[in-house]
K.L.:
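What follows is a structure written as structure tokens; I'll ask about it next.
Below, chain A is the first sequence line, B the second, and so on; all start at residue 1. Scope of the values below: all heavy atoms of this structure, side chains included, with no hydrogens, waters or symmetry mates.
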Amino acid sequence: MAEKTDDAPATSEQEIYEARLAKARALREKGVPPWGNGHPVRDAIGEVAAAHGGKTGEALEVEKPAVSIAGRIVAARSFGKAAFIALRDRTGQIQAHVRRDVLGEAAFEVFGLTDVGDFVAVEGPLFRTRTGELTVRAEKLTFLTKALRPLPEKWHGLSDVETRYRQRYLDLVANERARETFRRRFALVRAVRAFLDARGFVEVETPMMHPLVSGAAARPFTTHHNALDADLYLRIAPELYLKRLVVGGFERVYELNRNFRNEGISTQHNPEFTMIEFYQAHATYEDLMELTEELLRRVATEVTGGARVPYQGEILDFGAPFRRVTMTEAVRQVAPETAADDAALVAAFEEEVEPTLVQPTFVTQFPTSISPLARRNDADPRFTDRFELYVAGREIANAFSELNDPIDQQERFARQVEAKRRGDEEAMDYDADYIRALEVGLPPTAGEGIGIDRLAMLLTDSPSIRDVILFPLLKPEPK
RNA sequence: GGGCGCCUAGCUCAAUUGGCAGAGCAACGGACUCUUAAUCCGUUGGUUGAAGGUUCGAUUCCUUCGGCGCUCACCA
């Protein structure tokens with residue numbers, strides 16, 4: 001480039017860094033801040049492309065639409081006295097033609113100190129190149145930010161899994177697939193909220209730090225509040241707080257936020273994960289099956305463009321009504337000789353049935369013994385009015401008609417406490433205030449939790465939960 | 001936590017039976033005012049994850065450790 005900053009070739013990481021640092025100093029000597037302040041940008045690249053992408057070169061020649069854009073230089077092709085640079089912002093990518101005779105000597109020297117990875121602003125008219133590409137003629141170029149570290153390789157991108165997770169910013173800069181995955185995740189979250197908002201649900205926030213462990217079967221993280229000298233647990237579920245709100249008159253509530261479970265990490269589990277829980281008074285678990293079908297059909301369509309979603313070689317169909325089967329019946333179909341007790345039933349279900357449930361399937365009527373917060377079935381109190389939704393062999397949602405009988409709930413809690421005393425680390429605590437709330441009166445209510453990360457995996461065709469969590473938990477980076 | 005696998009230049013990857021650590025991209029110098037992974041000429045860049053061991057000689061074989069991935073267990 002125009003300015004020689006160092007006679008020695010720079011190629012190791014340290015040397016590349018120092019060469020770029022030298023360019024930053026050279027910029028500063030020219031009066032150009034290498035890490036500039038906010039600079040007004042009028043146009044979004046995607047909107048420029050949308051507004052003018054259909055016009056011919058001749059039309060642009062007449063109109064000369066002036067644009068003002070800014071972005072990261074993601075590619076550069078230099079010809080000595082001119083160059084093409086590809087600029088990317090949040091909305092898209094476009095190339096700019098930088099010419100010495102257009103820009104002027106001094107500004108072109110500044111341009112000579114730019115690298116791929118730097119941020120610049122460009123102003124000038126649009127035109128079409130000989131090959132027809134929509135291009136900005138850089139009549140003004142403002143240097144915005146120097147990147148001291150190089151971007152990953154331009155063709156193969158960044159594929160090292162550990163680097164992609166630890167330095168997600170590099171993954172996002174380098175891999176369009178990663179950008180699209182997270183765009184979809186955010187669209188999914190938006191779509192879920194919009195769906196429930198439209199049905200009169202209110203989004204609420206309940207505590208993340210709990211004095212008791214409840215709402216799910218899981219081992220908690222513990223922490224401590226100094227001023228109160230109180231041990232607290234990071235919540236494993238918001239369930240009991242949300243039902244307190246229904247008692248208080250918020251008949252339709254949801255909370256879409258993080259839960260924390262102190263358990264193993266896998267392609268399906270991250271210690272902190274996002275779940276939506278929602279509660280609807282005067283509904284039953286059967287109402288929620290219908291709501292869930294509608295919700296997933298809507299969300300899948302909004303996020304992926306259709307209700308039939310490709311996932312790891314299968315097509316998941318969220319368009320048709322989902323299959324419904326009781327746990328007992330599902331087990332009977334694959335393992336007719338399974339013993340009648342709850343533990344054997346659940347074990348057979350998890351081992352034999354779960355992996356086979358590829359298309360969306362509601363499994364209903366879970367044993368009361370493993371459903372301490374769910375209402376018993378009126379006809380058979382051994383089971384509860386509960387369902388879990390399975391897709392691609394995984395649990396995606398869990399819902400039930402809520403147990404609103406304070407007497408029964410006291411007994412269920414007592415059984416949990418007894419299990420905990422016997423060594424069940426995932427058993428719940430006895431929540432006396434929750435009993436008090438039920439005694440004030442919880443109207444008949446149904447509630448559901450949907451694993452947002454797992455749903456995001458399905459809608460982005462991602463095999464690992466880490467692919468849909470921006471910063472998955474990893475071991476601390478070794479020195 | 002158990003089992004299996006991987007770790008080589010900034011990035012993506014090679015390296016015969018154990019025999020001088022290489023390529024492309026990026027970078028640096030030069031040419032080049034319409035490129036699209038620009039092209040052409042030239043130049044660099046390495047504690048082969050770490051520490052030991054075997055060997056005349058280790059990227060290669062062995063041990064330990066670290067990180068990551070897959071998987072099993074646990075869970076959503």
Side-chain angles (χ1 to χ4, degrees), chain A residues 1 3-20 22-23 57 74-86 93 95-103 108 115-117 127-133 135 137 147-167 170 173-175 215-219 236-237 259-275 277 350-351 354 388-390 394-398 425-426 449-455 457 463-466 472 474-479:
Chain A
M1 306 223 156
E3 288 276 320
K4 286 176 70 172
T5 54
D6 195 344
D7 287 329
T11 174
S12 75
E13 183 173 25
Q14 182 64 22
E15 287 163 334
I16 289 171
Y17 186 93
E18 282 167 4
R20 288 179 171 226
K23 288 181 187 174
V74 292
R77 295 173 287 277
S78 170
F79 298 85
K81 298 183 187 66
F84 289 96
I85 56 174
Q93 191 171 315
Q95 76 170 4
H97 195 204
V98 182
R99 299 168 52 131
R100 189 170 68 173
D101 58 1
V102 171
L103 210 51
F108 197 74
D115 291 296
V116 170
F127 71 104
R128 280 197 188 279
T129 61
R130 230 171 260 162
T131 54
E133 181 161 346
T135 304
R137 174 169 285 116
L148 294 179
R149 296 178 186 272
L151 262 31
E153 207 250 10
K154 64 182 176 188
W155 188 242
H156 298 95
L158 178 68
S159 60
D160 181 84
V161 176
E162 186 175 353
T163 307
R164 288 185 48 222
Y165 295 157
R166 285 198 196 278
Q167 300 177 245
L170 281 184
V173 169
N175 297 325
R219 290 153 64 188
I236 60 173
N259 293 322
F260 309 86
R261 299 189 184 175
N262 204 341
E263 280 152 3
I265 298 177
S266 77
T267 51
Q268 313 295 323
H269 302 86
N270 194 62
E272 56 177 303
F273 65 102
T274 300
M275 195 159 81
E277 283 199 17
E350 289 178 353
E351 283 163 33
E354 260 190 41
E388 286 190 349
L389 174 66
Y390 285 83
R394 299 169 199 156
E395 183 189 339
I396 298 298
N398 176 25
E425 294 182 286
E426 295 176 352
I450 300 175
I452 295 295
D453 311 280
R454 289 187 175 179
L455 188 53
M457 289 168 66
S464 171
I465 199 169
R466 294 185 198 89
L474 300 175
K475 288 199 187 182
E477 200 168 358
K479 280 293 289 176

K.L.:
Under 4.0 Å between a side-chain N/O of A:T267 and OP1 or OP2 of B:U71, yes or no?
P.N.:
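For A:T267, the contact criterion (side-chain N or O under 4.0 Å from OP1 or OP2 of B:U71) is met.
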K.L.:
Return the NZ to CG distance between A:K81 and A:D101, rounded to the nearest 0.5 Å.
P.N.:
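If I round to the nearest 0.5 Å, the distance is 10.5 Å.
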K.L.:
For a quick test of reading the model, state the closest non-hydrogen atom pair linking A:Y17 to A:R149 and the distance between them.
P.N.:
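Of all heavy-atom pairs spanning A:Y17 and A:R149, the closest is CD1-CG, 4.3 Å.
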K.L.:
For A:T267, check side-chain hydrogen bond (donor to acceptor under 3.5 Å, both in side chains) against everything at least two apart and list the hits.
P.N.:
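In terms of side-chain hydrogen bond (donor to acceptor under 3.5 Å, both in side chains), with neighbours along the sequence ignored, A:T267 is linked to no residue.
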K.L.:
Going by the rule side-chain hydrogen bond (donor to acceptor under 3.5 Å, both in side chains), which residues pair with A:E133 if we only count those two or more places apart in sequence or in a different chain?
P.N.:
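Residues passing side-chain hydrogen bond (donor to acceptor under 3.5 Å, both in side chains) with A:E133: none at all.
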K.L.:
Which is true for A:Y165 with a 4.0 Å heavy-atom rule: it touches a base, it touches only sugar-phosphate, or it touches nothing?
P.N.:
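It contacts sugar-phosphate atoms only.
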K.L.:
Which value, in whole Å, describes the distance between the P atoms of nucleotides B:A21 and B:U48?
P.N.:
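Pairwise P distance, B:A21 against B:U48, rounds to 11 Å.
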K.L.:
Measuring only between side-chain heavy atoms, which start at C-beta, is A:F273 closer than 4.5 Å to A:R454?
P.N.:
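The answer is no, as the side chains (C-beta and beyond) never meet within the 4.5 Å cut-off.
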K.L.:
If you look at every heavy atom in A:A174 and A:P152, which pair is closest and at what distance?
P.N.:
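Result for this residue pair: CB-CG, 3.9 Å.
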K.L.:
Atom CG of A:L170 and atom P of B:G10: how far apart are they, to the nearest Å?
P.N.:
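Atom-to-atom, A:L170 to B:G10, this comes out as 14 Å.
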K.L.:
Starting from C1' on B:C32, measure out to CZ on A:F108 and report it in whole angstrom.
P.N.:
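To the nearest whole Å, that distance equals 11 Å.
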K.L.:
Does A:R219 put a side-chain nitrogen or oxygen below 4.0 Å from OP1 or OP2 of B:C74?
P.N.:
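So the side-chain polar atoms of A:R219 never come under 4.0 Å of the phosphate oxygens OP1 or OP2 of B:C74.
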K.L.:
Write down the distance between CZ (A:R20) and C1' (B:A26), rounded to a whole number of angstrom.
P.N.:
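Interatomic distance, CZ of A:R20 to C1' of B:A26: 9 Å.
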K.L.:
Across all strands, who's sitting opposite B:U33 as a Watson-Crick or G-U wobble pair, both distances under 3.5 Å?
P.N.:
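Looking at the geometry, B:U33 pairs with no nucleotide.
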K.L.:
Rounding to an integer number of angstrom, what distance separates B:U59 and B:G52 when you compare their P atoms?
P.N.:
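Here B:U59 and B:G52 have their P atoms 14 Å from each other.
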K.L.:
Would you classify A:Q95 as touching base, sugar-phosphate or nothing, given that sugar-phosphate means primed atoms plus P, OP1 and OP2, and contacts are heavy atoms under 4.0 Å?
P.N.:
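If one applies the 4.0 Å heavy-atom cut-off, A:Q95 turns out to touch a base.
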K.L.:
Classify the side chain of A:R99 and the base of B:U33 as holding, or not holding, a donor-acceptor pair under 3.5 Å.
P.N.:
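Per atom types, the contact qualifies.
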K.L.:
Say we look at B:C56 and B:A51: how far apart would their P atoms be, to the nearest angstrom?
P.N.:
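The answer is 23 Å between these two P atoms.
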K.L.:
Is there a side-chain polar atom (N or O) of A:K23 under 4.0 Å from OP1 or OP2 of B:C28?
P.N.:
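Answer yes for this pair, as a side-chain N or O of A:K23 is under 4.0 Å from OP1 or OP2.
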K.L.:
Looking only at N and O atoms, is any donor in the side chain of A:E15 or the base of B:U44 less than 3.5 Å from an acceptor on the other one?
P.N.:
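By the distance-only test, no, there is no pair.
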K.L.:
Considering Watson-Crick and G-U wobble pairs with both distances under 3.5 Å, what does B:G5 pair with?
P.N.:
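The base-pairing partner of B:G5, which may sit in any strand shown, is B:C68.
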K.L.:
Please give the distance between the P atoms of B:C20 and B:A15 as a whole number of Å.
P.N.:
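It comes out at 14 Å once rounded to the nearest Å.
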K.L.:
Rounding to an integer number of angstrom, what distance separates B:C13 and B:U55 when you compare their C1' atoms?
P.N.:
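B:C13 and B:U55 have their C1' atoms separated by 29 Å.
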K.L.:
If I take atom CG from residue A:L170 and atom CZ from residue A:R164, how far apart are they, to the nearest 0.5 angstrom?
P.N.:
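It comes to 11.5 Å.
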K.L.:
Could you please name the option among B:U35, B:A76, B:G10 that lies closest to any side-chain atom of A:F79?
P.N.:
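Taking heavy atoms from C-beta onward, the closest nucleotide is B:U35.
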K.L.:
Scan A:E133 against the nucleic acid and name what it touches under 4.0 Å (heavy atoms): base, sugar-phosphate only, or nothing.
P.N.:
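Base contact.
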K.L.:
Give the rounded distance in Å between these two atoms: CZ of A:R130 and C1' of B:C34.
P.N.:
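Result: 5 Å.
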K.L.:
In whole Å, what is the span from the CZ atom of A:F260 to the C1' atom of B:C74?
P.N.:
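Value for this atom pair: 20 Å.
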K.L.:
What's the closest nucleotide to the side chain of A:K81 if the choices are B:A76, B:C32, B:U35?
P.N.:
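Between B:A76, B:C32, B:U35, the one nearest the side chain of A:K81 would be B:C32.
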K.L.:
Classify A:N262 by what it touches in the nucleic acid, base, sugar-phosphate, or nothing, heavy-atom distance under 4.0 Å.
P.N.:
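Counting heavy atoms under 4.0 Å across all strands, no contact is made by A:N262.
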K.L.:
Using a 4.0 Å heavy-atom cut-off, does A:Y390 contact any base of the nucleic acid, only the sugar-phosphate backbone, or nothing at all?
P.N.:
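Since no nucleic acid heavy atom lies under 4.0 Å of A:Y390, the category is nothing.
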K.L.:
Where the side chain of A:K475 is defined as all heavy atoms beyond and including C-beta, which of B:C74, B:U36, B:G67 is the nearest nucleotide?
P.N.:
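So the side chain of A:K475 is nearest to B:G67.
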K.L.:
Could you work out the separation of B:G24 and B:U63 based on their C1' atoms and round it to a whole Å?
P.N.:
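B:G24 and B:U63 have their C1' atoms separated by 36 Å.
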K.L.:
Give the nucleotide from the list B:U36, B:G10, B:C68 with an atom nearest to the side chain of A:I16.
P.N.:
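The nucleotide sitting nearest to the side chain is B:G10.
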K.L.:
If pairing requires Watson-Crick or G-U wobble contacts with both distances under 3.5 Å, which nucleotide is the partner of B:G46?
P.N.:
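Looking at the geometry, B:G46 pairs with no nucleotide.
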K.L.:
Tell which nucleotide pairs with B:U55, taking only Watson-Crick or G-U wobble pairs whose two distances are both under 3.5 angstrom.
P.N.:
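In the structure as shown, B:U55 has no Watson-Crick or wobble partner.
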K.L.:
What is the distance, to the nearest angstrom, from the CD atom on A:Q167 to the P atom on B:G67?
P.N.:
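Roughly 17 Å, once rounded to whole Å.
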K.L.:
Identify, with sequence neighbours excluded, every residue that meets side-chain hydrogen bond (donor to acceptor under 3.5 Å, both in side chains) alongside A:Q93.
P.N.:
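Expected list: none.
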K.L.:
Hey, is the side chain of A:R77 poking within less than 4.0 Å of OP1 or OP2 on B:A38, counting only N and O atoms?
P.N.:
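So the side chain of A:R77 is within the cut-off, an N or O lying under 4.0 Å from OP1 or OP2 of B:A38.
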K.L.:
Mind checking side-chain hydrogen bond (donor to acceptor under 3.5 Å, both in side chains) for A:Q167 and listing every partner two or more places apart, or none if nothing turns up?
P.N.:
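Checked A:Q167 against side-chain hydrogen bond (donor to acceptor under 3.5 Å, both in side chains); matches are A:Y169.
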K.L.:
Among residues at least two apart in sequence or on other chains, which ones pass ring pair (Phe, Tyr, Trp, His ring centres under 6.0 Å) with A:F84?
P.N.:
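Here the qualifying residues are A:H97.
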K.L.:
Report all interatomic pairs (protein N or O, nucleotide N or O of nucleotides 11-15 of chain B) with separations under 3.5 Å.
P.N.:
from  : atom 1 : to     : atom 2 : distance (Å)
B:C11 : O2'    : A:E153 : N      : 3.2
B:C11 : O2'    : A:G157 : O      : 3.0
B:U12 : OP1    : A:S159 : N      : 3.0
B:U12 : OP1    : A:S159 : OG     : 3.4
B:U12 : OP1    : A:D160 : N      : 2.8
B:U12 : O3'    : A:S159 : OG     : 3.4

K.L.:
Which whole-number value in Å describes the distance from A:F84 CZ to B:U39 C1'?
P.N.:
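About 14 Å, once rounded to whole Å.
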K.L.:
Would you mind telling me which of B:A37, B:G69, B:A26 lies closest to the side-chain atoms of A:P150?
P.N.:
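Selected nucleotide (nearest to the side chain): B:A26.
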K.L.:
On RNA chain B, nearest-nucleotide positions of A:A218 versus A:E13: which is more 5'?
P.N.:
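Here A:E13 is the residue nearer the 5' end.
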K.L.:
Could you check whether A:A217 gets within reach of a base, just the sugar-phosphate, or nothing at all, counting any heavy atom under 4.0 Å?
P.N.:
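It contacts sugar-phosphate atoms only.
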K.L.:
Rounded to whole angstroms, how far apart are CD on A:E18 and C1' on B:C28?
P.N.:
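Roughly 14 Å, once rounded to whole Å.
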K.L.:
Determine the Euclidean distance between corresponding P atoms of B:G45 and B:G19; express it in Å to zero decimal places.
P.N.:
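It comes out at 24 Å once rounded to the nearest Å.
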K.L.:
State the pairing partner of B:C11; accept Watson-Crick or G-U wobble contacts with both distances under 3.5 Å, and report none otherwise.
P.N.:
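Result: B:G24.
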K.L.:
For atom C1', what is the distance between B:U17 and B:U36, given to the nearest Å?
P.N.:
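After rounding to an integer number of Å, I get 46 Å for this pair.
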K.L.:
With no hydrogens and no angle check, is any side-chain donor or acceptor of A:D453 less than 3.5 Å from a backbone partner on A:T274?
P.N.:
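Present.
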K.L.:
Is the distance from OP1 or OP2 of B:G69 to the nearest side-chain N or O of A:R466 less than 4.0 Å?
P.N.:
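Indeed, a polar side-chain atom of A:R466 lies that close.
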